[in-house]
Amino acid sequence: AVVSSCEKGGQWDKALGLLAEIALAHVELNTITCSAAVSACQKGGQWAKALGLLVEMSSACVEWDTILYNTAVSACEMGGQQGQALCVLAKMASAALGMSQRVGALDEVE
C-alpha cells in the first residue's frame with residue numbers, strides 16, 4: 001500500500017527505497033508491489049530505473065503480469081526508448097509462448 005502511494009504521488013525514488021527496505025527485511029516481493037514501483041518510475045520518467053527493477057524482479061523470481069509488461073513498455077516509450085520497448089514486448093511474447101507450451105504439455109499428459 002505504501003509503495004502504491006508513492007506511485008500515485010510520482011515519488012519513484014521513495015518507491016525504490018521502500019523496495020530496498022523490503023528486500024533487506026527478507027520479505028518476499030510480489031508482483032503487485034513491484035508493479036507499483038515500476039509504475040512510479042514510469043510516471044517519473046525513469047525508464048532505465050523501471051527496466052532495472054524488472055531485471056531485479058526476474059532475479060528474485062517475481063512473476064511478471066500483463067500490467068507490468070504494459071507499464072514497462074510505456075516507460076520506455078515515454079523515455080524515447082522504442083528499442084527497449086520492443087525488447088520488453090519480445091520478452092512478453094516469449095513468456096506467453098512458454099506458458100502456452102507448458103499448458104499444451106499438461107493437456108497431453110491428461
Side-chain angles (χ1 to χ4, degrees):
V2 177
V3 175
S4 185
S5 294
C6 293
E7 170 203 358
K8 289 177 178 76
Q11 298 175 327
W12 63 269
D13 52 341
K14 289 185 180 181
L16 294 181
L18 286 168
L19 279 186
E21 288 181 33
I22 290 169
L24 286 174
H26 301 291
V27 175
E28 188 174 319
L29 295 174
N30 63 40
T31 304
I32 295 168
T33 303
C34 291
S35 184
V38 171
S39 183
C41 292
Q42 178 254 339
K43 289 177 182 176
Q46 300 295 318
W47 67 269
K49 298 278 187 195
L51 293 184
L53 183 53
L54 295 177
V55 171
E56 289 179 33
M57 287 176 59
S58 292
S59 298
C61 298
V62 176
E63 189 173 321
W64 294 22
D65 63 5
T66 304
I67 295 168
L68 190 55
Y69 281 110
N70 288 337
T71 303
V73 168
S74 180
C76 293
E77 180 184 32
M78 288 177 66
Q81 302 297 316
Q82 287 75 20
Q84 294 291 343
L86 290 173
C87 288
V88 173
L89 287 172
K91 181 171 176 48
M92 182 177 169
S94 176
L97 178 62
M99 177 63 78
S100 68
Q101 288 174 341
R102 286 193 297 270
V103 169
L106 288 175
D107 287 343
E108 291 174 12
V109 172
E110 297 178 343

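All values below were derived from every heavy atom in this structure, side-chain atoms included, with hydrogens, water molecules and symmetry-related copies excluded.
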Undergrad: Using atom types as modelled, flag every donor-acceptor pair under 3.5 Å from a side chain in residues 13-24 to any protein atom, sequence neighbours excluded.
TA:
none

Undergrad: Using atom types as modelled, flag every donor-acceptor pair under 3.5 Å from a side chain in residues 36-45 to any protein atom, sequence neighbours excluded.
TA:
from	atom 1	to	atom 2	distance (Å)
S39	OG	E7	OE2	2.8
Q42	NE2	S74	OG	3.0
K43	NZ	E7	OE2	3.4

Undergrad: Could you note down all residue pairs passing salt bridge (charged side-chain N to carboxylate O under 4.0 Å, His left out) where residues 68-79 supplies at least one of them, sequence neighbours left out?
TA: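 Not a single pair qualifies under salt bridge (charged side-chain N to carboxylate O under 4.0 Å, His left out).
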Undergrad: Write out all pairs satisfying salt bridge (charged side-chain N to carboxylate O under 4.0 Å, His left out) with one or both partners inside residues 23-39, taking only residues at least two apart or from two chains.
TA: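 Every pair satisfying salt bridge (charged side-chain N to carboxylate O under 4.0 Å, His left out) with a residue in residues 23-39: there are none.
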Undergrad: Throw together a table of side-chain donor-acceptor distances under 3.5 angstrom for residues 79-92, partners on residues two or more places apart or in other chains.
TA:
from	atom 1	to	atom 2	distance (Å)
Q81	NE2	G79	O	3.3

Undergrad: Any ring pair (Phe, Tyr, Trp, His ring centres under 6.0 Å) involving residues 48-69? Give me the pairs, sequence neighbours left out, ordered by first then second residue.
TA: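 Listed by first then second residue: W64-Y69.
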Undergrad: Kindly write out the residues that satisfy ring-ring contact (aromatic ring centres under 6.0 Å, His included) with W47, not counting sequence neighbours, or none if the list is empty.
TA: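 Result, ring-ring contact (aromatic ring centres under 6.0 Å, His included) vs W47: none returned.
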Undergrad: Do L68 and M57 make a side-chain contact, defined as non-hydrogen atoms from C-beta onward lying under 4.5 Å apart?
TA: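 Touching, per the 4.5 Å side-chain cut-off.
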Undergrad: T31 versus I67: any side-chain heavy-atom pair under 4.5 Å?
TA: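 A side-chain contact under 4.5 Å is absent here.
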Undergrad: For N70, check side chain to side chain contact (heavy atoms under 4.5 Å, CB included) against everything at least two apart and list the hits.
TA: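 Here the qualifying residues are T66.
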Undergrad: Determine, using the 4.5 Å side-chain heavy-atom cutoff (strictly less than), whether M78 and L54 are members of one ILVMFWY cluster.
TA: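 No.
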